[in-house]
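Residue numbers count from 1 along this sequence. Small disclaimer: the values here were computed from a predicted structure and weren't measured. Values below: all heavy atoms of this structure, side chains included; hydrogens, waters and symmetry mates excluded.
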Amino acid sequence: MGGGRKTKHGAEVAPIFRARREESSRGEDGREEDSDSAASDTSRTAAAAPLTKADLRHLLQEIKTNMAAEFSRHLTPITESLNDLTRRTTAIEDQLDRTSMQAQTNETAISALQDQVRLLEEAQEDLNNRSRRNNIRIRGVPETVGIDMLAPTLRELFCSLLPEASPAELLLDRAHRALKAPLPNATQPRDIIIRMHYFHIKEALMRAARDNPLQIEGHQVCFYQDLAPSTLRKRRELRPLTLELARRHIRYTWGHPFKLQVRQNNRVHTLYHISEATAFAERLGLPAIDLTTEQPDRRPAGILSPRGPTLHPTRAPPPSSPHPQPAT
């Protein structure tokens, strides 16, 4: 058939069918144009119509709902973090309160324990000193007096101090050098610690030694009360105060348990602890005492201590005599 069109498969289409297909295509295009035109008209009509209060309320509600949802989405993690921080802060504050209360309780308990320890130390020190009440520490006996000659030399020394005492009363329980090794070039010999059997004889020897100083081989012999190391340490700490008392010719006495007593204007002033030294000096009218510095010994002779020796110059025994002799 001449004049017919072929399809994509190569077949020819009759003119009658081709005309119908074109009319159908034009009809569909017309309907699409009519639909677009109707939608455009509706949109123009809706845009031209005024919004009512109901529409505004609806739009406002939608905005609020959207904003609330958005805020909730962003604020939920922050709220959870703040709640967690609040819980942790509360727990820390509670723990701090408990710790503070426990610290106060511990402080009270520690203070009570410190007082108990101090009392126990003072009691132990007092017992230590009482166990040494029959002891005498003799200073100045040269090292040439050996251990085998120590007891005979001391007996002769005691007989010279107390000629009226019988040999039975001058009984020695023990006598030995201080428990430390002698230094090869030491000029000061080691102390001798003795224990007298009778306390009243020991006291008589101490009084006689204060009134009758002795020398052995050119060495000044001094008698001291044997004391506990803790007592000696406390006395050394109070040395500036006792030096000032001696400089002003104010007599003082040591007591047991440890204390320092001074009688002034018919009143007895007592110091029990080194921390009371400043107030103690003020009560006695003394200047401020610095207990932190070492001071040289400037105490006058005869005012060392009620139990200390009187350091007067004495005549030395003849060099040929190995035994002590009373000073004249």
**Q** Should Glu70 and His74 count as side-chain neighbours, where that means a heavy-atom distance under 4.5 Å?
**A**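 Sidechains of His74 and Glu70: in contact.
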**Q** Is the Tyr252 ring parallel, tilted or perpendicular to the Trp254 ring (thresholds 30°, 60°)?
**A**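 Ring orientation, 0 to 90° scale: perpendicular.
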**Q** Could you tell me whether the side chains of His58 and Glu62 share a donor-acceptor contact shorter than 3.5 Å?
**A** yes
**Q** For Gly140 and His219, work out which heavy atoms get closest and say how close.
**A** O-CB, 2.9 Å
**Q** If we ignore hydrogens and angles and just use 3.5 Å, is the side chain of Thr231 paired with the main-chain N or O of Leu227 as donor and acceptor?
**A**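 It does not hold such a pair.
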**Q** Looking at Phe199, I'd like to know if the NZ or CZ of Arg133 sits under 6.0 Å from its six-membered ring centre while staying within 45 degrees of the ring's axis.
**A**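 Cation-pi check for Arg133 and Phe199: passes.
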**Q** Between Glu244 and Arg247, does at least one N-O distance fall below 4.0 Å, as a salt bridge requires?
**A** yes
**Q** Side chains of His197 and Asp173 only: does a donor on one sit below 3.5 Å from an acceptor on the other?
**A** yes
**Q** Taking Thr108's backbone N and O only, do any of them form a donor-acceptor pair with Ser111's side chain (distance below 3.5 Å, no angle check)?
**A**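 The answer is no, because no donor-acceptor pair under 3.5 Å joins these two groups.
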**Q** Hydrophobic clustering (ILVMFWY, side-chain heavy atoms < 4.5 Å, transitive) - are Leu260 and Val268 grouped together?
**A** no
**Q** Set out, in order, the CA-CA distance, both residues' side-chain angles and the distance that settles side-chain contact (heavy atoms from CB on, under 4.5 Å) for Gln220 and Arg139, then state yes or no.
**A** CA-CA 8 Å; Gln220 182 86 36; Arg139 182 168 298 168; over 6 Å; no
**Q** Mind checking whether Met149 and Ile138 sit in one hydrophobic cluster, side chains of I, L, V, M, F, W, Y counted as touching below 4.5 Å?
**A** yes
**Q** Other residues, nucleotides and ligands only: do more than 12 of their heavy atoms fall within 6.0 Å of CD on Glu107?
**A**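 Open.
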**Q** Classify the side-chain pair Asp55/Thr52 by whether it contains a donor and acceptor separated by less than 3.5 Å.
**A** yes
**Q** Okay, side chain of Arg177, backbone of Arg190: is any donor-acceptor separation there less than 3.5 Å?
**A** yes
**Q** Is Val117 reachable from Ile274 through a run of I, L, V, M, F, W or Y residues, each pair having side-chain heavy atoms under 4.5 Å apart?
**A** no
**Q** Just so I know, are the side chains of Ile192 and Val145 near enough to count as touching, which here means a heavy-atom distance under 4.5 Å?
**A**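 The answer is no; the side chains never approach within 4.5 Å.
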**Q** Please tell me whether Ile193 and Leu232 are part of a single hydrophobic cluster in this structure, the criterion being side-chain heavy atoms less than 4.5 Å apart.
**A**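 No: no chain of side-chain contacts under 4.5 Å links Ile193 to Leu232.
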**Q** Cationic tip of Arg210 within the cone over Phe223's six-membered ring, i.e. under 6.0 Å and within 45° of the normal?
**A** no
**Q** Between Arg283 and Val262, is the side-chain contact (heavy atoms from CB on, under 4.5 Å) condition met? List the steps.
**A** CA-CA 11 Å; Arg283 290 198 302 270; Val262 174; over 6 Å; no
**Q** Identify which one of Arg132, Glu125, Arg130 satisfies the side-chain hydrogen bond (donor to acceptor under 3.5 Å, both in side chains) criterion when paired with Asn128.
**A**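 Of Arg132, Glu125, Arg130, side-chain hydrogen bond (donor to acceptor under 3.5 Å, both in side chains) with Asn128 is met by Arg132 alone.
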**Q** Indicate if Leu96 and Met101 have the same hydrophobic cluster label, given that clusters are the connected sets of ILVMFWY residues with side-chain heavy-atom separations under 4.5 angstrom.
**A**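 Not linked; separate clusters.
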